[in-house]
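Here the structure is a predicted model, which means the values were calculated and not measured.
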Amino acid sequence: MIVEKEVYLPIEGMTCAACANRIEKGLTRLDGIDEANVNFGTEKAKIRYDSDKITPQVFEEKIEHLGYNVRKEKVVFAITGMTCAACANRIEKKLSRTDGVSSASVNFAVENVTVEYNSSQVSPVDLKEAVKKIGYTLNEQESNEEITDYRDRDIRNQTGKFIFAALLSAPLLWTMVTHFEWTSFLYIPDMFMNPWVQLALATPVQFIAGAQFYKGAYKALRSKSANMDVLIALGTTVAFFYSLFLGYEWHMAGQVGMPELYFEAAAVIITLVILGKLFEIRAKGRTGKAIEKLLDMQAKTARIVRDGEEVEVPVEAVVVGDTFIVRPGEKIPVDGEIVKGMSALDESMITGESIPVDKKPKDVVIGGTINKNGTLTVNATKVGKDTALAQIVKVVEEAQGSKADIQRVADRVSGVFVPIVVLIAVGSFLAWYFLIEPGDVRSALVPLITVLVIACPCALGLATPTSIMAGSGRAAEMGVLFKGGEHLEHTRNIETVVLDKTGTVTKGEPELTDVHIVKGMEQDVLALVGAAEKHSEHPLAHAIVDGIKKRGIPIPEPEQFTALPGYGVKAQVNGKNLSIGTRKLMKQHQVNSQAIEEKMATLETDGKTAMIIAIDHEVAGLIAVSDTVKDTSKAAIARMKSLGLEVIMLTGDNEKTASAIGHQVGIDRVIAEVVPEQKADEIKKLQLEGKKVAMVGDGMNDAPALAVADVGMAIGTGTDVAIEAADVTLMRGDLQSVADSIQLSEKTMRNIKQNLFFAFVYNSAGIPIAAAGLLAPWVAGAAMAFSSVSVILNALRLQRMRFKKEGDSRAN
């Protein structure tokens, strides 16, 4: 039977009707496609297909293989009703199997799900309905304040339940403790030994405080699955009703003494699990602190100028083109360009540099940075989700919501864990009842309850996401943005780091570095040089003029000026004829430059651009300009080497300049004279040698190489923190961040493995002990509750990570 379906796919990347025709032909050739029509005007493909033969994923992959993209929407939902990793796994599977959904990633730690979907096939309402059918609720992702309010309400709710349950459970726990020989001196009132009193104390705990477990278990079983709630509800219910039966039997038989009841086990287990959830909620809140800190950096209001008057409005009300005023001590509300005023800005949130940066008209300012002195008038250029700070928050949120490969292993395990545990519990009961203590229900009941309780997979579900959240959050605070959990995982495998030169190893801006005068006073000669270069548009001329101004030398106006592209400039200043530029220029003007040739060759060997100064056709000296090395580059490269990394520099510059820079910073291998298109090929060559390669560049002409590398690292200045080609953005423009990112990855993965080891060992060791009857049910409840808390607290250690800048060992 043919099951024919129809779907519309929005396509990106088509530039003409030929593109549409190409996609149409490619789709038509797929087995199972009955009809494919691609409309270039609407940029959509209408596809009829046999769902028994082909899935939407296959023809989406075909479209991407042809060089185009299927446009996807992304939405983040908050989830209510989730209690353990098994719940998260079920929600993820349900959404992933929904038509139109490309991917779904549930983060159990922050209780949300990120869904990528095709809006022409499915809507957010459909997604909510799909999840509702399996017993959970999806809500639009709340704001940071709403999440905090929700968490606070949840904490208050669980705190109330715990106090209620603890007060009623305490007398029951007292009766249990007095059975131990070492507590025989404790007095217990006779009334607490009465089965009906114990029933009266245990019932509210079981069915009021424990109602949340019954609700969760019902929803899970209704959708033919099992989760933590099933284990808790099943274990405590068996203990409760078996105790009720024993109490009734004891009463009807008129027996003297006290039957062996399990009311206290059921009540104490519920109380301890609630306590564990309370600790868990509190700890979960701490893992999300990174985003809260980022959001706290944003200004809440802006003082905008409308109709000639200053009006204070919420920052959300600022639009592109608005002019706003920032006074000393205030935060810049949104990204913009200075129209009027001069000041120094604290940009440490972006650059990590504590020294304020001087700003003047036409300079760019970033929202969230602090105006230290001077009043600024700024024109808003980026607002809302387009600001640098919003982009940083977005990258961090996506990283925290994504999954590392190692987490998928844990998800698969947790998906089958609960049913297996139930079988083990039933098996242990049968073994005790028929083989170990034949006919003794009491003896068989203890391992049944204990196995069900101790095996809850909460710790397993929390092990990875809490570490990813804490690690990526701490990374953001250190200026390293991982675009996904998988990149946070893979960065630790890097063996070779390839560095672009300009803007990565060097500052990316030329500076006046050397002045060598052979005729005249240096100050006088530089004043003439500044006048000659003053009106040139060439970047090197700007560097020369800036360097002369920094020396405090006044620069006069030239009488005449001529730019000579490829050669230099000539000018007339104060009646003197100046020529500044190359050897060819000197030869054209018949200037003998032999006297400074040796010095010029030395400067060029050092990777500097040297220019000859001639005044009235006689050599007066040399000036040299160079793209200077960043202050931290040499130490950062030494640190990378100490981590066991091979460091290579890749540049389009000539061999001589590249080698000079490489020698200066301690790079032994330099690949020079490579055009941007060839950089990706050089990365592939290194990969063919079996190396795991990270490419570090400025994210512009390095984009192809960043995309090809195993891990692409983009040097960002904070104004472009979400470069699409890169996997990691280094906001501070400091190569120390490369080593930071690798060590962050290593420590986070080590933390995840510690958590998973603890969770797996805890369950694998605890279940046999429980099945052997060597563990009291209430002890199992306590152990289960605190195992989750232990995992979260271990993950939170990542928020205190610190790295030495020199002499680290990669094994640390």
Least distance between heavy atoms, Gly471 atom then Leu798 atom: N-CD1, 3.9 Å
I'd like to know if [X] pairs up with [Y] as an ion pair, taking the criterion as any Lys NZ or Arg NE/NH1/NH2 lying under 4.0 Å from an Asp or Glu carboxylate oxygen.
X      : Y      : result
Asp710 : Lys691 : no
Glu604 : Arg583 : yes
Glu682 : Lys679 : no

If we only count heavy atoms from C-beta on, is the [X] to [Y] side-chain gap below 4.5 Å?
X      : Y      : value
Asn751 : Lys747 : no
Leu564 : Leu585 : yes
Thr651 : Ile671 : no

Lys641 (side chain) donor-acceptor with Gly666 (main chain) under 3.5 angstrom: yes
Candidate pair Asp363 and Lys360, rule salt bridge (Lys or Arg N to Asp or Glu O under 4.0 Å), full reasoning: CA-CA 6 Å; Asp363 282 349; Lys360 60 185 183 302; 3.7 Å; yes
Side chains of [X] and [Y]: do they bring a donor and an acceptor to under 3.5 Å?
X      : Y      : value
Ser102 : Glu116 : no
Asn755 : Ser467 : yes
Glu64  : Asn69  : no

Stepwise side-chain hydrogen bond (donor to acceptor under 3.5 Å, both in side chains) test for Asp734 and Thr632: CA-CA 7 Å; Asp734 182 349; Thr632 58; 2.7 Å; yes
